[in-house]
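A note on names: the letters A, B, ... follow the listed sequences, proteins ahead of strands, and every chain is numbered from 1.
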Amino acid sequence: MFQRLRGTRDFYPEEMTARNKVFKIIRETAERHGFVEVVSPAIESFDLIAKKSGEDIKEEIYAFKDKGGRMICLIPEFTPSVSRMIANRQKELGKPLKWYSIPRHWRYERPQSGRLREFYQLNVDIFGSESPKADTEVLSVGICIMLNLGLKDFLFHISNRKFLQGLLQEYNVSNIQEAFRIIDKRDKIPEEEFVDGLLKCGIKDYDEILDILDSVTIENIGDFRGRNELMDKAIDNLIDIFRYLEYYGVREHCVLDLSIVRGLAYYTDMVFEVYDKKKEMRSLFGGGRYDDLVESFGGEHTPAVGFGMGDVVLELMMKKEGVWPEEKTDMDYYIANIGDVDRYVFSIAKKLRNKGYRVTFDLMERNLSNQLKYADKINAKKVIIVGEKEIKEGKILIRDMETGKQEKIDVNKI
RNA sequence: GCUAGGGUAGGGUAGCGGCUAUCCUAAAGGACUGUGGAUCCUUUGACCCGGGUUCGAUUCCCGGCCCUGGCCCCA
């Protein structure tokens with residue numbers, strides 16, 4: 001017997017119906033927000049992926065030589081591919097671009113809760129707009145997807161990196177990237193290690209800085225205006241975003257949280273992460289603004305903002321909240337036969353199928369009892385019984401499998 | 001890469017140094033030769049792999065593989 005490869009999943013029909021429902025809600029929500037779908041190949045050149053993440057990424061992805069000796073890989077993320085797509089057709093694409101995609105991604109990592117080697121990830125991005133309205137649109141899609149999926153226990157923690165960057169500059173902090181990394185880990189590491197890390201980055205007055213991060217809200221952040229240009233830009237941006245979120249009616253799902261920085265180097269302004277309200281689980285997903293990334297892939301300067309949401313954690317969250325759809329397939333019609341009535345079975349099936357119904361019939365030469373048993377098993381809503389006796393009078397029986405009620409109708413009425 | 005726990009029919013489980021390896025469920029069929037969900041019966045189907053200890057290992061020991069968590073990392 002062969003087994004699945006580690007960290008991969010099979011989706012059997014019952015699971016597939018539930019997943020399709022979830023994906024449908026996600027697609028519809030994105031499209032109602034004016035996003036259009038794109039797809040790119042599952043394989044890309046290793047150089048493209050390494051462009052953003054460096055050569056060391058090789059250890060964490062599926063990378064191999066193809067028969068032509070080219071180093072290629074299964075895509076571990078979407079950003080390089082979509083940046084390439086934009087750079088390739090820079091001139092003809094009208095800005096802003098509002099794109100979404102639900103590609104499969106592969107990462108060669110140790111699987112654990114909420115993390116597999118093969119997974120789907122919704123990517124939602126807006127390219128070409130610097131406006132905080134674009135940031136808001138991206139946040140809004142994320143929030144509406146969560147709500148439309150029936151989720152309630154979540155909160156968007158929103159920040160702007162430039163605020164912290166400006167603040168750290170005021171305190172003459174030497175290594176700002178490293179400081180970002182440490183502050184990002186604040187909740188995960190012991191207090192001592194955290195303080196130690198801050199000191200190493202040259203942050204002596206960490207009490208003051210942490211106090212600011214903890215106490216500032218969207219209501220009082222304006223008090224910090226006038227300190228330096230970076231902070232002013234961040235403040236204006238955050239106030240705009242929260243105002244727009246208010247206009248859109250999703251403000252209640254958001255909170256200003258200046259401690260959110262995200263470890264990644266390429267985010268430039270707004271960043272966000274989504275947590276359950278009590279922050280018990282790990283981050284559900286996150287994203288932000290990355291204005292310089294497309295350019296680094298050889299395109300023109302293209303401001304961008306977006307997020308990536310993996311299906312694995314989403315499924316865990318939905319199951320935890322009890323809103324994962326029922327895993328059950330069903331069928332509109334099962335046509336049962338008694339005796340030599342094949343010609344009627346086929347023609348009835350064709351008529352119903354042309355009308356758009358899902359229809360199936362016996363392929364096992366079963367007796368009526370077992371045909372009904374099978375119809376029950378596949379959750380057929382209705383069974384049409386084509387019997388020799390009735391067909392002589394031009395009649396068939398329709399049985400409602402839920403009520404058990406059965407009526408005799410004219411065969412031509414189908 | 002590091003670390004904890006675990007691997008018995010398709011799914012869920014019991015068990016023991018030696019019995020025909022337990023039960024539930026599932027699937028196929030029958031009881032019911034023209035009516036599903038109930039009941040009963042039949043059939044199908046498992047001790048992860050390799051080595052060691054032993055008269056004998058599914059059980060004990062070692063190694064590997066795999067699974068479930070945690071760490072590193074997290075695009």
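Residue contacts shown for K377(A) are limited to sugar-phosphate atoms, with no base heavy atom under 4.0 Å away. Among the heavy atoms of the strands lying under 4.0 Å from E60(A) is at least one base atom, whether or not backbone atoms are also near. In this structure, E109(A) reaches the bases: a heavy-atom distance under 4.0 Å links it to at least one base atom across the strands shown. Nucleic acid contact class of G404(A) (heavy atoms, under 4.0 Å, all strands): base. S113(A) comes within contact range of the sugar-phosphate backbone alone, with a heavy-atom separation under 4.0 Å but no base atom that close. Residue-level contact check: G287(A) touches neither bases nor backbone, having no heavy atom under 4.0 Å from any strand. Heavy atoms of Q371(A) sit nowhere under 4.0 angstrom from any nucleic acid atom. I61(A) comes within contact range of at least one nucleobase, with a heavy-atom separation under 4.0 Å.
If you run side chain to side chain donor-acceptor pair (under 3.5 Å) between R289(A) and each of D269(A), N237(A), D135(A), T268(A), only D135(A) comes through.
Nucleotide C65(B) holds its C1' atom 13 Å from the CG atom of L5(A), rounded to whole Å. Going from atom CD of Q112(A) over to atom C1' of G1(B) covers 13 Å, rounded to whole Å. The separation between K382(A) atom NZ and G36(B) atom C1' is 17 Å, rounded to whole Å.
Counted by atom type alone, E31(A) and Y100(A) present one or more donor-acceptor pairs between their side chains at under 3.5 Å. Using modelled atom types, one finds a donor on one side chain and an acceptor on the other under 3.5 Å when comparing E295(A) with H301(A).
Checking G7(A) against Q121(A), the closest nucleotide of RNA chain B that is more toward the 5' end is the one next to G7(A).
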